[in-house]
2 protein chains.
Amino acid sequence: MSSNHREAILAAAKDAAQARGYSGLNFRDLGEVVGIKSASIYYHFPSKADLGAAVARRYWQDTAAELETMLAEMPDPASCLRRYPELFRRSLANGNRLCLCSFMSAEFDDLPEPVKTEIQTFADISVAWLGKVLAAANGSSPEDNQAQARAIFAAVSGAQLMARSRADIGLYDTLIESYRVAGLLPA
Amino acid sequence: MSSNHREAILAAAKDAAQARGYSGLNFRDLGEVVGIKSASIYYHFPSKADLGAAVARRYWQDTAAELETMLAEMPDPASCLRRYPELFRRSLANGNRLCLCSFMSAEFDDLPEPVKTEIQTFADISVAWLGKVLAAANGSSPEDNQAQARAIFAAVSGAQLMARSRADIGLYDTLIESYRVAGLLPA
DNA sequence: ACCTGAACACCGTTCAAGT
DNA sequence: ACCTGAACACCGTTCAAGT
């Protein structure tokens, strides 16, 4: 109950940041969505930087949990790799939104240090997961697959960005398919 | 003389937008760089939207010219493809900046319609050029290479974005190399 | 514990007025 | 033609005051 507003702020801030970035986050709109005054948000988060870092932290934690669940429920690594792009697809399906990490990567120059750290962790856990799954798929070590894991992460991010710029989720699907044809992603 | 300020504004705005995006563009800073008051900028560009569109238009025009020059000076399509990523590399080398089109793609929701149009043209001319060069390289038609051309554009954009988030141009080079290994880019 | 009203400093933007 | 001063609206933040 007492933490309801805190959670609601985190959720609203996540949605807003995926659509308008860190610089587009503003406490007045957030307060309106949550149903409290903007000043009240400072009771839960001492500054915008703190809120941004909390949102980014929660974002990679949720993603990490989801990736682990996927791997647990579907131990076949090839299937996991095939389904990985669905993660980014869902943001597009949800109001043509971008990965939080991508948007904030663009905003690198204006990001408070703690926020930078958290979005780097998002990339780190994604790449680590991809490396692990690639390794399981081809019987080598995760270290040997780090380069391809990073390439997949970067390429999928780029596909999402391009699709967003046209508000065209079909373009995303086409790009992912092209990555498979080219051999960047396993068919 | 009279157009000096106009050109200086365009140049300063381009640099700023590649570092802080359209939303990060601000007339006070721009005026300071150019040496006039922020209000004076409105004489040259009736609104921020107009300035943004003008910057984006100039950006794709310059890029289109550069790509055509490259193709004219180095008719070997394989060499052109090998050098294509240098375009994005240069933005990173220039103060860890992002492609204007990428930043504004992230900002899609808050972009005035004319700005959207111009950055889509940037993607269009890039993809068209890549399709043309790919076709010349493998003896088919540009249409048959559209999918791969778009995939290359998206992937290279993603690599630049990821490298920016670490301020690590070496990561960009590694990612491009991984694309080559995977077969997305010709070796 | 949790929230608000009111205020402050700052900044993007506008526009009537200058030369 | 080109520029500016002054004002407006907005936003992040603070804080004393409410319950």
Side-chain angles (χ1 to χ4, degrees), chain A residues 1-56 100 103-104 106-107 109-116 118, chain B residues 1-56 100 103-104 106-116:
Chain A
M1 186 97 349
S2 79
S3 66
N4 260 357
H5 278 172
R6 192 175 198 280
E7 288 301 315
I9 293 164
L10 279 174
K14 188 200 115 198
D15 280 354
Q18 285 187 260
R20 294 163 149 56
Y22 178 79
S23 87
L25 265 186
N26 85 76
F27 281 37
R28 274 195 242 263
D29 288 352
L30 245 35
E32 216 155 290
V33 172
V34 174
I36 57 177
K37 294 292 157 187
S38 64
S40 307
I41 298 174
Y42 285 85
Y43 174 75
H44 299 283
F45 302 95
S47 74
K48 182 176 175 176
D50 285 284
L51 173 59
V55 167
L100 187 75
F103 212 135
M104 292 191 171
E107 293 176 297
D109 282 7
D110 294 319
L111 243 38
E113 208 54 54
V115 180
K116 276 184 193 166
E118 300 296 345
Chain B
M1 184 96 352
S2 79
S3 67
N4 261 358
H5 278 172
R6 192 176 199 279
E7 288 300 316
I9 294 164
L10 278 174
K14 188 200 116 201
D15 281 354
Q18 285 187 259
R20 294 165 147 58
Y22 178 79
S23 88
L25 265 186
N26 85 76
F27 281 36
R28 267 197 250 263
D29 289 351
L30 245 35
E32 217 155 290
V33 172
V34 174
I36 57 177
K37 294 291 157 186
S38 64
S40 308
I41 297 173
Y42 287 85
Y43 173 75
H44 300 281
F45 302 95
S47 72
K48 183 175 176 178
D50 284 285
L51 173 59
V55 168
L100 186 76
F103 212 136
M104 293 192 172
E107 293 176 298
F108 182 81
D109 282 8
D110 295 318
L111 242 37
E113 208 54 52
V115 181
K116 277 184 193 166

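Protein chains get the first letters and strands the later ones, always in sequence-line order, with residue 1 at the start of each.
Taking only side-chain atoms of A:His44, from C-beta outward, the nucleotide of C:dC3, C:dT14, C:dC2 with the closest atom is C:dC3.
Summarising the geometry, the separation between CZ on A:Phe45 and P on D:dG12 is reported as 15 Å, rounded to the nearest angstrom. Note: CG (A:Asp29) to P (D:dG12) measures 8 Å, nearest angstrom. The interatomic distance linking A:Tyr42 (OH) with C:dG5 (C1') rounds to 15 Å, in whole Å.
A close approach under 4.0 Å does occur between a side-chain nitrogen or oxygen of B:His5 and OP1 or OP2 of D:dC3. For C:dC3, neither phosphate oxygen OP1 nor OP2 lies less than 4.0 angstrom from any side-chain nitrogen or oxygen of A:Tyr43. In this model, the phosphate group of C:dC11 is not approached by any side-chain N or O of B:Asn26 to a distance below 4.0 Å at OP1 or OP2. The side chain of A:Arg28 places an N or O atom within less than 4.0 Å of a non-bridging phosphate oxygen (OP1 or OP2) of D:dC11. Listed pair B:Lys48 / C:dT13 meets the phosphate criterion, a side-chain N or O lying under 4.0 Å from OP1 or OP2.
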Strand DNA chain C as a dot-bracket string - pairs counted if Watson-Crick or G-U with both distances under 3.5 Å, | where the partner lies in another strand: ||.|||||...|||||.||

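The structure places CZ of B:Arg6 at 9.0 Å from CG of B:Leu51, a figure rounded to the nearest 0.5 Å. The CG atom of A:Asp15 sits 11.5 Å away from the CG atom of A:Leu10 when rounded to the nearest 0.5 Å.
Using a 4.5 Å cut-off on side-chain heavy atoms (C-beta onward), B:Phe108 and B:Lys116 make contact. The closest side-chain heavy-atom distance from A:Val34 to A:Ile41 is not below 4.5 Å.
Proximity of residues 32-41 of chain B to DNA chain C (heavy atom under 4.0 angstrom from any strand atom) is restricted to B:Ser38, B:Ala39.
Residue contacts shown for A:Phe27 are limited to sugar-phosphate atoms, with no base heavy atom under 4.0 Å away.
In this structure, B:Tyr22 contributes its side chain and B:Ala49 its backbone to a donor-acceptor pair below 3.5 Å. The closest donor-acceptor contact from the side chain of B:Glu107 to the backbone of B:Gly21 lies at 3.5 Å or more, if one exists at all. Judged by distance alone, with hydrogens and angles left aside, the side-chain atoms of A:Lys48 form a donor-acceptor pair with the main-chain N or O of A:Leu25 at under 3.5 Å.
Contact between B:Met104 and B:Leu111 at its shortest, heavy atoms only, is O-CD2, 3.1 Å.
The side chain to side chain contact (heavy atoms under 4.5 Å, CB included) search around A:Tyr42 returns A:Phe27, not counting sequence neighbours.
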